[in-house]
Amino acid sequence: MGLDLKGLITKEKTTLESFASKVIAIDAYNTIYQFLSIIRGPDGMLLSDSQGRVTSHLSGLFYRNINFLSLGIKPVYVFDGKSPTLKAAEVERRRQIKKEATIRYEKALAEGNMEDVRKYAQQTTSMQDGMVEDAKKLLGLFGIPYIQAPSEGEATAAHLTKTGLAYASASQDYDSILFGAKKLVRNFTNSGRRKLPSRNTYIEIEPEIIDTSKVLSDLGVTPEQLVDIGILIGTDFNPDGFERIGPKTALKMIKEHGRLEDVPQIQDKLVSIPYDEIRKIFLNPQVAEVSEIKFGEPDYIGIVKYLSDERSFSRDRAESSLNRLQKSTIKRSHTLEQWFT
DNA sequence: CCCGCACA
DNA sequence: TGTGCGGGG
């Protein structure tokens, strides 16, 4: 579920174009997961190669990175390491949801209800062995750097924004704010209308940027207090939160009493929650120490070979998309030249 | 997610 | 030129 900070945070609409020449630390797991849930055939099945290996994540990464690079955006992907032990309950909760979705999926399939088939197929989405390696291989061929985080990827992504190596962290989850990312970008993709799964309605998806220091000053709280607010609402490390406490109440309590230990209404429940450990996860996380981030040139031939020879992509399609990228980078270098001549 | 096509 | 839809892998 993630952290429900919506309602407390002030966000601004933005565009992908405004991130030209900026380094953006992208939550790789979050991105791949989204591709796996969205990129599916009409029957709800994942795309796969001739050997039956899933390719939806590769398709998503291929097109999205072409987009980023065409616009001059400098993506760096951050991969999750080992989850903190405290996340076990949340991981188990998600596993259970997938298990139930699998049952519903099979039922819908038997009934021939294709709308439900798609919906439940999406909910069964899970990361399989090899997908991370696939993603790293493709990123490597693109010359796009990636970082292996020791623990939560969002913590390392946030750290990169603090050290100035990245301008912002891109993820759908609000956790990045608690990890102290200077800026968080949500919907870091081209804006446009998206069809909602299982509904015949469309929504407009637009990139939005959240400035953490603005969030803190607007709310009038410290980073430590924002973490306490998160714990009251419920984080991945205490997913149930506190009964009948949502974002509004949580803010009010912390503003009034300062910290969890001093909120009288919650003391009974608080003793059963390892709040101090959760605070440490957000405020003093394990992160990858990175001194520089190196970007390379795309290996166009290598990308086509990998995707078409090994992963059953259409050679023509891959080549024409890469041609677009090549043209746009040439165009950009010309416009840059004009600045210097 | 993306493309390509049919069709207004 | 824009939009909806089917298929991609």
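Proteins come first, then strands; the chains are lettered A, B, ... in the order of their sequence lines, and each starts at number 1.
- Grouping Ile, Leu, Val, Met, Phe, Trp and Tyr residues whose side-chain heavy atoms lie under 4.5 Å apart, directly or via other members, places A:Tyr105 in a hydrophobic cluster with A:Met45, A:Leu109, A:Met114, A:Val117, A:Tyr120.
- Here salt bridge (charged side-chain N to carboxylate O under 4.0 Å, His left out) pairs that include residues 56-82 of chain A, with residues two or more places apart or in two chains, number zero.
- For the pair A:Lys136 and A:Phe79, the cation sits on the ring face: its NZ or CZ lies under 6.0 Å from the ring centre, inside 45° of the axis.
- When the P atom of B:dC3 is taken as reference, atom CG of A:Asn190 falls 10 Å away, rounded to whole Å.
- The side chain of A:Ser321 lies closest to B:dC3, out of C:dG9, B:dC3, C:dG8.
- Atom CG in A:Leu58 sits about 13 Å away from atom C1' in C:dG8, given to the nearest Å.
- Annotation: salt bridge (charged side-chain N to carboxylate O under 4.0 Å, His left out) contacts involving residues 144-161 of chain A, sequence neighbours excluded, comprise A:Lys87-A:Glu152.
- Between A:Arg324 and B:dC2, a side-chain N or O to OP1/OP2 separation shorter than 4.0 Å is absent.
- The stretch residues 35-55 of chain A touches DNA chain B through A:Ile38, A:Ile39, each having a heavy atom under 4.0 angstrom from the strand.
- A:Gln225 and A:Lys255 share no donor-acceptor pair across their side chains, judged by distance under 3.5 Å alone.
- Residue pairs meeting the salt bridge (charged side-chain N to carboxylate O under 4.0 Å, His left out) criterion with at least one member in residues 97-106 of chain A: none, sequence neighbours excluded.
- Under 3.5 Å, the side chains of A:Thr125 and A:Arg40 contain a donor-acceptor pair of N or O atoms.
- Rounded to whole Å, the distance from CZ on A:Arg315 to P on C:dG8 is 19 Å.
- Taken residue by residue, residues 16-26 of chain A places no heavy atom nearer than 4.0 Å to DNA chain C.
- The distance from atom CZ of A:Arg64 to atom P of C:dG8 is 22 Å, rounded to the nearest whole Å.
- Under the 3.5 Å distance criterion, with hydrogens and angles disregarded, no donor-acceptor pair is assigned to the side chains of A:Glu12 and A:Thr10.
- Atoms CZ (A:Phe62) and C1' (B:dC3) sit 11 Å apart, rounded to a whole Å.
- In this structure, CZ of A:Arg311 is placed 15 Å from C1' of C:dG8, rounded to the nearest angstrom.
- In this structure, CZ of A:Phe313 is placed 7 Å from P of C:dG9, rounded to the nearest angstrom.
- For the 3.5 Å distance criterion, the side chains of A:Ser59 and A:Thr55 fail to qualify, holding no donor opposite an acceptor.
- Rounded to whole angstrom, the span from the CG atom of A:Asn323 across to the C1' atom of B:dC3 amounts to 15 Å.
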